[in-house]
Structure formats: C-alpha cells, structure tokens
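First listed ligand is number 1; within each ligand, the first listed atom is number 1.
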Amino acid sequence: MKILGIETTCDETGAAVVKDGRLVLSNITASSANLHEKYGGVVPEVAAREQIKVIIPVIEEALIKASQILNSKHEILNKSQKSKIQNWAKENIDAIAVSHGPGLIGSLLIGVETAKAFALVWEKPLIGVNHLVGHIYANWISLDNRPRFPLIALIVSGGHTDLVLMRGHGDFKLLGSTLDDATGEAFDKVAKLLGLGYPGGPEIEKLASRVQGLGFRFKLPRPMIGSKDFNFSFSGLKTAVVNLVHSDETIVHSKEKRAVVADEFQKAVVDVLVKKTIDAAQKFECQSIVVGGGVAANTLLRSQMADVATRIGRKVFFPSKVLAVDNGAMIAAAAFFVNRKVDRLKLQADPGLHF
Ligand code: KG4
Ligand code: ZN
C-alpha cells in the first residue's frame, strides 16, 4: 500500500510516498526556518504564507521521485508534465494521509485543505494523523526496526514533551507531559539567550561540542528528576540559565564560556529525559523504547539513552535525524499502522489535538 503523507503543522512543509509504512519512496521537506531566525522562534503568519507557496511543488516533487524510484511505466521526468503527475498519482497512490493537529492553525489548514482536495480529485481515502503519533511512527520506518509492544514512547519536539505507553498499534496511554516549556522550546530559548540561531537545538549541540575543559564550571538543576510521576518541567532550568548569564557579564562575550553553558544545559535536559523514560520502561515492563520529535536528533540524548537502556537490557529506537524532525514520511507511516479513514469533506484542522 502506497500512502502520500502530508505534513504542515509548523514551519516545515513535507510530502512523502511510503510503501507499507516502512519503505520510503520519496520524502521532500521545505523549511521556512531561515525566515524565523531573526525572531528566535516561528512566526505563524510567515510560516503559513510560505507554505501556501511551496505545498504543491513539494507534493509534486514527492510524486515525481516516487515514480522514478518505482520506475513505473508512467515515470514522470519533470514538473512540466503536470498531467502525468496526476495520472501517476491516480494509478499508484492508495491513500492520502495528513497531519491535522496539533500545530499552528494557519499551517494546519494548508495541509488539510490540500489533502482533502487531492483526495476528492483522485478519489482516494483520506486519513487524518495526529502529528505526535507521526513522530512515534518515524521509528517504524526501516525494514530492520521492529519495536515490540508494550513499549514506552518519548516525544520531544518544539511544542511537546510526552511519555506514552503503547500496548499495541494505535493504543496510546499518556503517562506524563511537560508542565510548562517543551524540550525543544527550552533549547530554542536558551539558544536565543546565548546569541545562537534558530532552530536552537542543533546550535546548542554544536556549541556544546566545543567545550574545552576550562576552569569555568557550574551545575544547573535537573528539574523533577526525583519526582515519582512522569511529568517534566523545563521553565525553571531555562530561568537558571538566564540568571547565570545575567550574573556574569563575561559569559556572553566568551565563546568558551558559552560553550560550557550549552554543554551543561544539554546535559541537564538529557539527564531528566533519560531517567524518566527508563523509569517508565521499568515500571511498565517494556522491552522497547522509541524516541521521536526534533530533539531526538540530539546526539547526547541518543547515546545516553542507548547506554542506560542497554545496561538494563532494554532496546532503544531512534529515527534517522532526517526522520526525527517534521516530515511527511512519518505521517504516511503512522497512517499505515493506525489507519483511521475519515470522510473526505469532514476532516478538520485541530490545533489542540492530543492523545
Ligand atoms: O519535531 P520538530 O521538528 O517540530 C515540532 O513538532 O515542534 O522539533 C523541532 C524542535 C526545535 O525546538 C529544535 O530546536 C529541536 O527540535 N531540535 C533539536 C535538535 N534538532 C532539532 N534539539 C536538540 N538537539 C538537536 N540536534
Ligand atoms: Zn514535530
């Protein structure tokens, strides 16, 4: 089954064709991150305006790439062959999946309305996908990855930090969430404070890798690391960084010192995420742990989670870095495993959608 997945919840516009939930035939993403850089965060109006421009070209490119990979008889060679693109999609695409929330309303509407239009014109089923479920299913996109149920899923993105227990496909029990800032949001805000670009996560990671073992050292809090629940809180950690930077003027002017701040901040976040996830895996006797969302691209999180899990005999799955951030392939994969067809005209964008 070949599903066209469409993703427009935030500043990315993604389209992908995925076969049977695991084999990516194409995965195209356009990002407007560079336009938001000077604001240190996404400006919803700017994101939506860009998405209107790029959504059709991105979908066309995804269809073209997929047709070339399959080398089908109607292989499309370039975008000028509009009627060939339509014919190929009608013949080869079995369903259209779109993430309809949570996210920014303007961005969501563009993806949802475009998906509805194609579903009607090509007469295909339409599948609405929760974006967070998409992040989880990025871990099934590989012919080798076979997470086993029950499992613990950690979603760490720009807007969410959730721990979820899954006993089967489509069965989600929310164990805990952030009480304030999301993990990615904390990375972005601390990056801004340190004068780094947007998105902040990769920037913090890059700067932290330059730590040189100077005498300059301090300890940041690990919020809620000892609490018995599975909730998180990152706003106090962010405030601790603000206070630190304001208490010592030399920090902003010294790249070495800023690197130490980035390194310690990243360690504090990762310590908390790993501890809570491993505790949940032990409490609910899960052999597999899957991690998804943009922050799952973080190298320290990947290595520390894998180390601790291996030590206690658990297996951790991470998507490739391309599939960790927002993309259309994860939406197509989720639609394959959690197939909820909807009336083509009734699907609504839902900014507050949750588990
Ligand atoms: O999942 P995602 O692409 O979009 C949302 O659904 O929000 O996540 C974006 C977030 C941003 O906050 C970004 O700073 C963070 O993921 N991020 C990272 C890394 N790459 C992206 N955070 C830490 N380390 C990274 N390497
Ligand atoms: Zn996301």
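Judged purely by distance below 3.5 Å, without hydrogens or angles, the side chains of Gln51 and Ser107 pair a donor atom with an acceptor atom. Using modelled atom types and a 3.5 Å distance limit, the side chains of Lys321 and Thr299 yield a donor-acceptor pair. For the residue pair Ser233 / Asp180, a side-chain donor-acceptor distance below 3.5 Å is found, with atom types taken as modelled.
Nearest to atom 24 (N) of ligand 1 among the protein's heavy atoms is Asn298 ND2, 3.1 Å. Atom 14 (O) of ligand 1 has its closest protein heavy atom at Asp188 OD1, 2.7 Å. Protein heavy atom closest to atom 7 (O) of ligand 1, with residue, atom name and distance, is Gly158 N, 2.8 Å. Nearest non-hydrogen protein atom to atom 21 (C) of ligand 1 is Gly294 O, 3.3 Å. Regarding atom 26 (N) of ligand 1, its nearest protein heavy-atom neighbour is Glu205 OE1, 2.6 Å. Here the protein heavy atom with the shortest distance to atom 3 (O) of ligand 1 is Asp326 N, 3.1 Å.
One of the N, O or S atoms belonging to His135 lies under 2.8 Å away from the Zn ion (ligand 2). For His131, the nearest N, O or S atom to the Zn ion (ligand 2) falls under 2.8 Å.
Pro351 places none of its side-chain heavy atoms less than 4.5 Å from the side chain of Thr9.
Where the criterion is an N or O separation shorter than 3.5 Å, residue side chain and backbone included, Gly201 meets it with respect to ligand 1.
Using a cut-off of 4.0 Å between Lys/Arg side-chain N and Asp/Glu carboxylate O, Glu264 and Lys267 are scored as not salt-bridged. Between Asp279 and Lys275 there is a salt bridge, with a side-chain nitrogen of the basic residue lying less than 4.0 Å from a carboxylate oxygen of the acidic one. In summary, Asp263 and Arg210 do not engage in a salt bridge, as defined by a charged side-chain N under 4.0 Å from a carboxylate O.
At a 4.0 Å cut-off, not a single heavy atom of Cys10 sits close enough to ligand 1 to count as contact.
A pairwise comparison of heavy atoms in Ala182 and Ser157 identifies CB-O, 3.7 Å as the closest pair. Among all heavy-atom pairs drawn from Asn27 and Gly328, the shortest one is OD1-N, 3.7 Å. The minimum heavy-atom distance linking Ala97 with Ile3 is given by the pair CB-CG2, 3.8 Å.
Close approach of ligand 1 to Gly184 is summarised as follows: ligand atoms under 4.0 Å from at least one heavy atom of the residue are 12 (O). Every atom of ligand 1 with a heavy atom of Gly200 under 4.0 Å away is listed here by number and element: 14 (O). Residue His131 approaches ligand 1 through these ligand atoms, each under 4.0 Å from one of its heavy atoms: 6 (O). When each atom of ligand 1 is checked for a heavy atom of His135 under 4.0 Å away, the hits are 1 (O), 6 (O). Those atoms of ligand 1 that come under 4.0 Å of a heavy atom in Pro199, given as number and element, are 13 (C), 14 (O). Residue Gly159 has at least one heavy-atom neighbour below 4.0 Å for each of these atoms of ligand 1: 7 (O).
Without hydrogens or angle criteria, Arg314 side chain to Ile312 main chain gives a donor-acceptor distance under 3.5 Å.
Closest approach between the Zn ion (ligand 2) and any N/O/S atom of Asp326 involves OD1.
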